[in-house]
Protein chains: 4
Amino acid sequence: MIITLDPDSSTPFYEQLRNQIVLGIATGQLEPGEKLPTVRQLAEELSMNPMTVNKAYALMKQEGFIAIDRRHGAKVKPQLKASQERKELPPRLEQELQLLIAEASIHGMDREGFQEACGRIFARMAGGIDQDTDSTEHQTDG
Amino acid sequence: MIITLDPDSSTPFYEQLRNQIVLGIATGQLEPGEKLPTVRQLAEELSMNPMTVNKAYALMKQEGFIAIDRRHGAKVKPQLKASQERKELPPRLEQELQLLIAEASIHGMDREGFQEACGRIFARMAGGIDQDTDSTEHQTDG
Amino acid sequence: MIITLDPDSSTPFYEQLRNQIVLGIATGQLEPGEKLPTVRQLAEELSMNPMTVNKAYALMKQEGFIAIDRRHGAKVKPQLKASQERKELPPRLEQELQLLIAEASIHGMDREGFQEACGRIFARMAGGIDQDTDSTEHQTDG
Amino acid sequence: MIITLDPDSSTPFYEQLRNQIVLGIATGQLEPGEKLPTVRQLAEELSMNPMTVNKAYALMKQEGFIAIDRRHGAKVKPQLKASQERKELPPRLEQELQLLIAEASIHGMDREGFQEACGRIFARMAGGIDQDTDSTEHQTDG
DNA sequence: GTGGTCTAGACCACC
DNA sequence: GTGGTCTAGACCACG
């Protein structure tokens with residue numbers, strides 16, 4: 001799995017890293033139970049500070065995406081998808097989605113168009129591809 | 001329109017403010033052309049520094065959501081919704097949506113469930129209500 | 001001659017007004033010696049404060065574009081174009097042009113392209129038209 | 001690179017600063033990728049408030065002239081000139097140029113003379129010199 | 001040590 | 001009275 005960091009982005013490195021790993025999990029590039037590189041390996045590979053990688057890992061652990069074992073390093077949580085059957089968004093995501101929909105709607109997009117866009121993204125995700133998906137942070141604004 | 005700020009959130013004040021006003025515009029609580037409070041008024045009302053309100057206003061101006069008039073202060077841009085007919089998300093939103101969908105999908109939500117959730121949010125938005133919408137800043141993550 | 005003011009522009013009204021009149025003089029829509037509306041007339045016509053119109057007139061008088069006669073009101077200076085034969089830019093314009101060229105060059109435009117653009121604008125100007133020339137301030141950036 | 005601020009100018013400090021840096025980029029005094037002083041350094045050097053320098057940097061970042069890196073401060077955007085081949089001015093510059101040409105033409109300058117002046121400025125710029133270029137802020141008009 | 005954010009208080013241009 | 005600009009000084013997130 002390829003990870004690229006944009007130093008010009010306003011999004012901090014640890015968050016860029018976390019975002020891309022989460023994306024990797026969702027697309028299936030990283031499978032449940034799969035081992036992640038060690039903090040030092042990944043830090044070396046990306047030429048970044050181990051502390052920063054560590055922060056990303058700690059964040060994902062706290063969010064429940066990965067499990068950290070002192071002996072075997074970090075791995076994607078095995079029972080991720082199956083864990084919950086409820087069709088409800090966590091409040092944080094619900095809120096983010098609401099804001100996102102607000103902006104989209106102001107930009108003239110209606111419900112159907114938005115749901116279509118969601119459908120497209122889900123489709124891309126299911127494939128587990130990286131064709132259009134250089135989903136780093138490009139908003140060099142903040 | 002009620003605005004509440006969460007000092008414990010990692011989201012800076014000016015951004016919290018911006019988010020809530022954008023939400024207000026999308027829900028119709030703030031109509032196109034409607035006057036916003038002056039920088040000083042809002043600053044006083046929220047017990048914050050005028051510079052911070054100023055920053056939020058400047059941001060929304062730059063984003064095209066509001067117009068600032070030297071004489072009468074700021075107002076919601078009149079021709080917002082009608083402007084574009086294209087059914088495409090701006091790249092920044094597309095990318096954010098992708099990440100959001102990734103997280104939702106990891107939490108076990110499938111395409112249908114997600115689109116339903118979007119539908120519900122759109123419905124709430126169209127009404128311009130605040131029944132279920134305590135969509136303030138809850139992410140006390142900072 | 002049509003004058004339009006953009007209240008959302010960062011350019012102050014008096015300057016927008018001055019710019020459009022200067023443009024009118026250059027394009028020949030306003031001829032040397034031609035009488036301008038009185039401050040009050042123009043203020044009424046544009047629904048703006050007479051003080052603001054007055055400021056624009058005073059500025060143009062100070063710049064040498066118009067002459068103000070207490071009895072007959074303001075008029076475009078008669079001997080404008082003929083006055084100087086020298087092919088030199090006033091320092092203020094030279095400096096502004098330099099900055100403008102700097103930005104254009106950074107955006108990838110070379111000397112030829114820039115001179116072409118100048119040629120086109122001169123051509124438009126000579127015609128004395130208002131086809132493409134709604135040269136108000138549109139940069140609602142503040 | 002020497003930067004001088006004119007406190008008597010009507011142009012705000014942050015804009016004077018931005019203008020001179022943009023000029024420096026165009027003339028080659030500041031090369032693509034080159035590091036800019038930190039906000040604090042430059043503020044100290046110019047005896048001004050860091051916030052003001054910050055504002056200038058933020059503006060140039062938003063305009064795409066520089067990139068800001070959390071670790072090493074700001075640097076001139078690397079791929080500036082090569083980006084676009086089109087020979088078109090951005091509308092804002094086109095409009096400014098039109099007004100500038102209007103004023104020049106009123107001062108008796110014709111198309112040829114103006115294009116010559118542009119040529120001279122381009123030449124000076126390409127050299128990356130500061131022989132005749134005391135093109136600081138002279139407009140003590142505020 | 002870097003930029004980002006926030007506060008407090010002041011002055012000015014515009015209208 | 002409005003927003004725009006500037007200063008001084010402080011704290012925090014990031015790396």
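Just so it is clear: chains get the letters A, B, ... in the order the sequence lines come, proteins before strands, and each one is counted from 1. Note that the structure is predicted; figures quoted are calculated from it, not measured.
- Of the listed nucleotides (F:dG4, F:dC6, F:dC14), F:dC6 has the atom at the smallest distance from the side chain of D:Y14.
- Remark: B:R18 engages B:E63 in a salt bridge, criterion side-chain N to carboxylate O under 4.0 Å.
- Residue A:L99 comes nearest to B:L23 through the heavy atom pair CA-CD1, 4.1 Å, listed as atom of the first residue, atom of the second, then distance.
- When the side-chain nitrogen and oxygen atoms of D:T52 are compared with OP1 and OP2 of F:dT7, one or more of them lie within a distance under 4.0 Å.
- The phosphate of F:dC14 (OP1 or OP2) has a side-chain N or O of A:K55 nearer than 4.0 angstrom.
- In this structure, D:E44 places its CD atom 15 Å from C1' of F:dG9, rounding to the nearest Å.
- Between D:L59 atom CG and F:dG4 atom P the separation is 14 Å, expressed in whole Å.
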| query | So what does the secondary structure string of DNA chain F come out as, 5' to 3', with Watson-Crick or wobble pairs under 3.5 angstrom, [ ] for crossing and | for pairs with another strand? | reply | ||||||||||||||.
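- For the pair B:E15 CD and F:dA13 C1', the computed distance is 14 Å after rounding to whole Å.
- Nearest to the side chain of D:M51, among F:dA8, E:dT2, F:dG4, sits F:dA8.
- One interatomic measurement links the two molecules: CG of A:N49 to P of F:dA13, which rounds to 17 Å at whole-angstrom precision.
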| Between C:D8 and B:K75, does a salt bridge (charged side-chain N to carboxylate O under 4.0 Å, His left out) hold up when you go through it step by step? | CA-CA 10 Å; C:D8 299 341; B:K75 65 180 201 297; 3.4 Å; yes
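- B:Y57 comes within 4.0 angstrom of nothing in the nucleic acid, heavy atoms only.
- Among residue pairs with one or both ends in residues 31-52 of chain B, none qualify as side-chain hydrogen bond (donor to acceptor under 3.5 Å, both in side chains); sequence neighbours excluded.
- Here the closest heavy-atom approach between residue A:L17 and residue A:L5 is recorded as N-CD2, 4.3 Å.
- Computed from coordinates, the D:I68 CD1 to F:dC14 P distance equals 17 Å when rounded to whole Å.
- Put simply, CG on D:D8 is 13 Å from P on E:dC12, counting in whole angstrom units.
- The OH atom of D:Y57 sits 4.5 Å away from atom CG of D:L42, with the distance rounded to the nearest 0.5 Å.
- For B:R40 against F:dG1, a side-chain-to-base donor-acceptor contact under 3.5 Å is absent.
- For C:Q16 (side chain) and C:D6 (main-chain N/O), a donor-acceptor pair under 3.5 Å exists by modelled atom type.
- Considering only the side chain of A:P12, F:dG15 comes nearest among E:dA8, F:dG15, E:dT2.
- The interatomic distance linking D:L17 (CG) with F:dT7 (P) rounds to 11 Å, in whole Å.
- Considering only the side chain of D:N54, E:dG4 comes nearest among E:dG4, E:dG3, F:dA8.
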